[in-house]
K.L.:
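Provided herewith is a single structure, encoded as structure tokens, for subsequent inquiry.
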Amino acid sequence: MSWLALRRPEREELDADPVVGEIWRDVSRRTPLPPEGHVGIARHLICPAYEAKPSPITDVFQAWMLRRWLHEPGLAASYLIVANGPLWRPLMEYLGHDELTRAGAGHPYAIFGHDWLADPPEVWRDHHLDEELWAERDLFLRQEVSRAGQE
């Protein structure tokens, strides 16, 4: 897998790579990037034996991307390019990564993206912690800790 950090690409760079060009057009429709901001693009997910289906290899890729999403300084948006969009769509929706619907015409891949300026990592993380830990599945019971008497 490769991770491209895109800051302010030149027109020739966007023309040379239609996938990056489509992503940059999507970024440009959103809020302007802050001066120190960049866009991260995960692509070239290569899993020969599994053809990019769920596997131990894709689990490692996902953990690696989660770490970047939550901890990479200046990450304004992230995008993931996958070969089998319908397979990954439910997970991407759950993770708050929207599919670029205009992207499908020019290439056979699906592009999913998340705007970290609109939905910062801390907010995204807390939402998913709440959903995982305190959802109505009743796997865990939320316990409020009283701070009185702990001092």
Side-chain angles (χ1 to χ4, degrees), residues 1-137 139-140 142:
M1 183 172 95
S2 63
W3 181 258
L4 172 65
L6 191 61
R7 287 181 170 64
R8 279 157 190 69
E10 298 293 327
R11 183 88 220 133
E12 302 81 43
E13 294 174 295
L14 299 175
D15 292 342
D17 189 334
V19 174
V20 171
E22 184 60 36
I23 288 170
W24 192 253
R25 278 186 288 284
D26 187 62
V27 169
S28 299
R29 286 189 287 269
R30 300 175 187 273
T31 1
L33 286 180
E36 71 285 353
H38 68 278
V39 175
I41 302 173
R43 66 190 307 189
H44 306 118
L45 301 167
I46 301 170
C47 308
Y50 299 100
E51 298 176 8
K53 294 179 182 170
S55 70
I57 295 169
T58 57
D59 290 348
V60 170
F61 288 160
Q62 183 177 346
W64 185 84
M65 286 184 292
L66 283 169
R67 184 182 181 289
R68 284 205 176 255
W69 297 344
L70 293 172
H71 301 291
E72 186 164 297
L75 184 64
S78 62
Y79 291 83
L80 170 66
I81 302 156
V82 295
N84 189 346
L87 174 71
W88 295 105
R89 190 171 293 123
L91 177 61
M92 293 296 103
E93 287 174 359
Y94 173 76
L95 294 174
H97 282 63
D98 300 319
E99 187 169 6
L100 274 65
T101 54
R102 296 180 43 205
H107 53 84
Y109 304 104
I111 302 172
F112 296 92
H114 186 88
D115 182 344
W116 295 107
L117 298 175
D119 186 19
E122 308 78 39
V123 174
W124 180 90
R125 178 201 61 218
D126 290 348
H127 165 75
H128 284 286
L129 282 175
D130 285 345
E131 190 161 304
E132 290 295 322
L133 296 177
W134 317 119
E136 292 184 19
R137 294 184 303 267
L139 296 176
F140 299 95
R142 185 183 291 263

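Because the structure is predicted, anything quoted here is derived from the model rather than measured.
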K.L.:
For Asp17, enumerate each residue passing the salt bridge (Lys or Arg N to Asp or Glu O under 4.0 Å) test, keeping only those at least two apart in sequence or located in another chain.
P.N.:
Arg43
K.L.:
Considering residues at least two apart in sequence or located in another chain, which fulfil the side-chain contact (heavy atoms from CB on, under 4.5 Å) criterion with Glu122?
P.N.:
Pro120, Arg125
K.L.:
Name all pairs fulfilling the salt bridge (Lys or Arg N to Asp or Glu O under 4.0 Å) condition that reach into residues 74-86, sequence neighbours left out, sorted by first residue then second.
P.N.:
none
K.L.:
Enter the distance from Asp98:CG to Met92:CE here, rounded to the nearest 0.5 Å.
P.N.:
11.0 Å
K.L.:
What distance do Leu14 atom CG and Glu12 atom CD have between them, rounded to the nearest 0.5 Å?
P.N.:
9.0 Å
K.L.:
Rounded to the nearest 0.5 Å, what's the gap from CH2 on Trp3 to OH on Tyr79? Could you check?
P.N.:
11.5 Å
K.L.:
Specify the closest pair of heavy atoms between Gly85 and Ala110, including all atoms of both residues, with the distance to one decimal.
P.N.:
CA-CB, 3.5 Å
K.L.:
Under the rule for side chain to side chain donor-acceptor pair (under 3.5 Å), what residues qualify as partners of Arg30, not counting sequence neighbours?
P.N.:
Asp26
K.L.:
Using the salt bridge (Lys or Arg N to Asp or Glu O under 4.0 Å) criterion, which residues pair with Arg89? Sequence neighbours excluded.
P.N.:
Glu99
K.L.:
Which heavy atom in Leu95 sits nearest to a heavy atom in Trp124, and how many Å separate them?
P.N.:
O-NE1, 2.7 Å
K.L.:
Under 3.5 Å, sequence neighbours excluded: what are the donor-acceptor pairs made by side chains of residues 34-42?
P.N.:
residue, atom, partner, partner atom, Å
His38, ND1, Gly74, O, 3.3
His38, NE2, Glu72, OE2, 2.5

K.L.:
Do you know the tightest heavy-atom contact between Arg7 and Leu33?
P.N.:
O-CD1, 3.7 Å
K.L.:
Could you grab the distance from atom CD of Glu22 to atom CG of Leu100, nearest 0.5 Å is fine?
P.N.:
6.0 Å
K.L.:
Is the shortest side-chain heavy-atom distance between Leu91 and Gln62 below 4.5 Å?
P.N.:
yes
K.L.:
Could you give all pairs that pass the salt bridge (Lys or Arg N to Asp or Glu O under 4.0 Å) test and reach residues 78-88, with sequence neighbours left out?
P.N.:
none
K.L.:
Mind listing the side-chain donor-acceptor pairs of residues 111-118 below 3.5 Å, one per line with the distance, residues two or more places apart or on another chain?
P.N.:
residue, atom, partner, partner atom, Å
His114, ND1, Gly96, O, 2.6
His114, NE2, Asp119, O, 3.3
His114, NE2, Asp119, OD2, 3.3
Asp115, OD1, Leu117, N, 2.9
Asp115, OD1, Ala118, N, 3.1
Trp116, NE1, Ser78, OG, 2.8

K.L.:
With Arg11, which residues qualify under salt bridge (Lys or Arg N to Asp or Glu O under 4.0 Å), at least two apart?
P.N.:
Asp15
